Undergrad: 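Encoded as structure tokens, here's the structure I'll be asking about.
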Number of protein chains: 2
Amino acid sequence: MTAAAGSTGAPEELDLDAQIAAYQREYPEVDPQVEKVVTALGRLNRRMNVAYGRQLVDLGISNSEWEVLKALVVVGQPYRLGPGELAKRLGLTPAAMTHRIDRMVAEGLVTRERDETNRVRVIVELTDEGREKWLATMRLASAFEDDLLQDLTPLERTILGEILIRLLRRVESSQPDAGGRLEDLD
Amino acid sequence: MTAAAGSTGAPEELDLDAQIAAYQREYPEVDPQVEKVVTALGRLNRRMNVAYGRQLVDLGISNSEWEVLKALVVVGQPYRLGPGELAKRLGLTPAAMTHRIDRMVAEGLVTRERDETNRVRVIVELTDEGREKWLATMRLASAFEDDLLQDLTPLERTILGEILIRLLRRVESSQPDAGGRLEDLD
DNA sequence: GCATCAAACTTTAGCGTTGAAGTCTTGACC
DNA sequence: GGTCAAGACTTCAACGCTAAAGTTTGATGC
């Protein structure tokens with residue numbers, strides 16, 4: 001009655017080749033190589049997210065909170081952003097941001113105050129504690145990432161990065177990006 | 001007051017290089033190349049999921065339902081699996097599976113019945129309609145995937161696939177996989 | 001200067017998920 | 001052959017998110 005209960009700990013997937021074979025069996029028109037790349041990509045990402053998640057649990061914050069910390073750190077000092085802007089960058093609704101900020105204020109990771117020059121706006125600012133948390137996550141995450149790519153030669157890393165960026169550009173160019181605004185994208 | 005309301009339509013992210021530069025500024029020990037690969041990977045995946053999501057909306061099913069359809073199709077005829085096994089493969093709790101199955105039965109995508117040879121067990125089986133839905137998603141998804149990889153040469157596809165699989169193996173070997181069982185993984 | 005409209009955030013209702021407790025069946029032990 | 005433990009699923013309470021309505025502040029027009 002231990003483990004296997006809570007779940008959320010990495011789905012148990014079939015061997016990759018077996019899964020591709022199943023797709024071919026059920027839908028013969030599929031291109032096995034394409035499917036293999038795409039499936040590996042998705043699976044790798046899921047596994048990485050599970051790994052990040054475990055590290056975050058050790059640090060006592062959730063993935064949602066990590067996203068907010070990252071967004072605030074990336075803008076640089078004084079680490080401030082409004083709830084609306086945060087919501088847009090994280091891809092969720094303003095309502096969700098309100099609640100996230102509630103929790104994070106309660107935990108001392110950020111502060112929330114009205115902008116006195118424009119009282120409609122609210123300013124969310126990273127606390128020192130929040131910044132420390134982010135640094136701690138960064139130490140763990142980058143160690144994990146370094147380890148993950150350890151087997152790759154410098155050339156392979158370069159090639160991988162270059163290919164991924166090309167794919168990214170392709171998918172972004174085909175996505176009008178919902179609101180239509182893709183100003184600061186690239 | 002149009003757009004930008006509902007959100008969930010791909011977060012608006014900074015230019016990749018700008019984001020890497022921010023990480024270097026805030027945490028100089030980071031390896032920019034590693035970070036670039038990892039960030040591109042995550043971002044690509046998110047964009048792809050948004051794209052899949054849009055296709056699914058067109059077909060009238062949710063991402064959750066798609067996952068269940070895939071799992072059932074992959075096992076092959078007669079397309080049967082128990083709720084517990086489904087939950088394990090999808091990486092969620094049995095409770096969530098119960099509700100998902102409720103919805104999918106109501107929509108006619110699967111059937112649920114007790115196993116008469118062992119009345120503790122329940123059997124979830126894909127209906128013809130469910131299988132048709134899956135085929136439709138597969139047609140759209142594979143077209144999207146073919147298009148995504150279109151710019152890559154055969155050699156690049158091979159290299160990409162090979163590198164991804166090596167990364168996958170590395171991350172899987174470092175994850176005891178929660179329950180400790182990784183039998184049919186590889 | 002007052003009224004109206006727009007913008008930014010918050011509140012409310014509903015849905016899907018988790019974690020924990022509950023129900024029902026099967027198998028084993030005495 | 002009856003009781004008891006284990007397994008498989010379901011039910012319940014709490015939480016986070018979305019969509020939509022509500023509130024407060026700022027800007028515009030007359």
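In what follows, chains are A, B, ... by sequence order, proteins preceding strands, each numbered from 1. Keep in mind the model is a prediction, meaning the values are calculated, not measured.
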Undergrad: Look at all strands and tell whether Arg114(A) reaches a base, only sugar-phosphate, or nothing, counting heavy atoms closer than 4.0 Å.
TA: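 No contact at all - Arg114(A) keeps every heavy atom at 4.0 Å or more from the nucleic acid.
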Undergrad: Hey, does the side chain of Glu85(B) reach the backbone of Gly82(B) with a donor-acceptor pair shorter than 3.5 angstrom?
TA: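 Looks like no, no N/O pair under 3.5 Å.
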Undergrad: Whole angstrom is fine here: how far is it from CD in Glu107(A) over to C1' in dC15(D)?
TA: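 These atoms are roughly 14 Å apart.
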Undergrad: Using whole Å, report how far CE of Met97(A) lies from P of dT10(C).
TA: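 About 9 Å, once rounded to whole Å.
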Undergrad: Would you say Arg100(B) reaches dT17(C)'s phosphate, i.e. side-chain N/O to OP1/OP2 under 4.0 Å?
TA: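 The answer is yes; a side-chain N or O of Arg100(B) sits under 4.0 Å from OP1 or OP2.
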Undergrad: Asp102(A) has an atom CG; how far is it from atom P of dC9(C), in whole Å?
TA: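 The distance from CG of Asp102(A) to P of dC9(C) comes to 14 Å, rounded to the nearest Å.
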Undergrad: Check every atom of dT10(C), dG26(D), dT18(C) against the side chain of Thr98(A) and return the nucleotide holding the closest atom.
TA: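 So the side chain of Thr98(A) is nearest to dT10(C).
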Undergrad: Which of the following nucleotides, dT11(C), dT17(C), dT26(C), is nearest to the side chain of His99(A)?
TA: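 The answer is dT11(C), which lies nearest to the side chain.
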Undergrad: Measure from the side-chain heavy atoms of Ala95(B) and tell me the nearest of dA8(D), dT18(D), dG19(C).
TA: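 So the nucleotide nearest the side chain must be dG19(C).
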Undergrad: Scan side-chain atoms only and decide if Glu35(A) and Tyr27(A) contain a donor-acceptor pair under the 3.5 Å cut-off.
TA: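 Tyr27(A) and Glu35(A) do not have a side-chain donor-acceptor pair below 3.5 Å.
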Undergrad: How many whole angstroms separate atom CG of Asp115(A) from atom P of dT24(D)?
TA: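 Distance check: Asp115(A) CG to dT24(D) P gives 19 Å.
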Undergrad: So which nucleotide from dA8(C), dC17(D), dA8(D) ends up closest to the side chain of Val120(A)?
TA: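 Selected nucleotide: dA8(C).
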Undergrad: Does Arg103(A) or Thr117(A) map to a spot on DNA chain D nearer the 5' end, using the closest nucleotide for each?
TA: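 Its nearest nucleotide being more 5', the pick is Arg103(A).
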Undergrad: Tell me the interatomic distance from Ile101(B), atom CD1, to dT17(C), atom C1', rounded to whole angstroms.
TA: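 One finds 15 Å between C1' of dT17(C) and CD1 of Ile101(B), rounded.
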Undergrad: How many Å lie between CG on Leu92(A) and P on dA19(D), as a whole number?
TA: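 Distance, rounded to whole Å: 11 Å.
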Undergrad: Going by distance alone, is a donor N or O of one side chain under 3.5 Å from an acceptor N or O of the other, for Gln33(A) and Thr158(B)?
TA: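 Gln33(A) vs Thr158(B): donor-acceptor pair found between side chains.
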Undergrad: Any side-chain heavy atom of Arg46(B) sitting closer than 4.5 Å to one from Val50(B)?
TA: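 No. Closest side-chain heavy atoms not under 4.5 Å.
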Undergrad: Distance check needed: dC17(D) C1' versus Glu67(A) CD, whole Å only.
TA: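 Distance check: Glu67(A) CD to dC17(D) C1' gives 12 Å.
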Undergrad: Closest nucleotide of DNA chain D for Ala96(A) versus for Glu116(A): which of these residues is on the 5' side?
TA: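 In this pair, the answer is Ala96(A).
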Undergrad: Could you give me the CA-CA distance, side-chain angles and deciding distance for Lys36(A) and Asp31(A), then say whether salt bridge (charged side-chain N to carboxylate O under 4.0 Å, His left out) is met?
TA: CA-CA 9 Å; Lys36(A) 194 161 183 172; Asp31(A) 179 333; over 6 Å; no
Undergrad: Respond yes when some side-chain nitrogen or oxygen of Arg119(A) is under 4.0 Å from OP1 or OP2 of dG26(D), and no when none is.
TA: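 No, because none of the side-chain N or O atoms of Arg119(A) sits under 4.0 Å from OP1 or OP2 of dG26(D).
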Undergrad: Rounding to a whole Å, what distance do you find between Arg121(A):CZ and dA6(C):P?
TA: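 Checked: the CZ to P distance equals 18 Å.
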Undergrad: Nearest of dT10(D), dA20(D), dC9(C) to any side-chain atom of Arg112(B)?
TA: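 The answer is dT10(D), which lies nearest to the side chain.
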Undergrad: Of the listed nucleotides (dC17(D), dG19(C), dC9(C)), which one gets closest to any side-chain atom of Thr93(B)?
TA: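 From the listed options, dG19(C) comes nearest.
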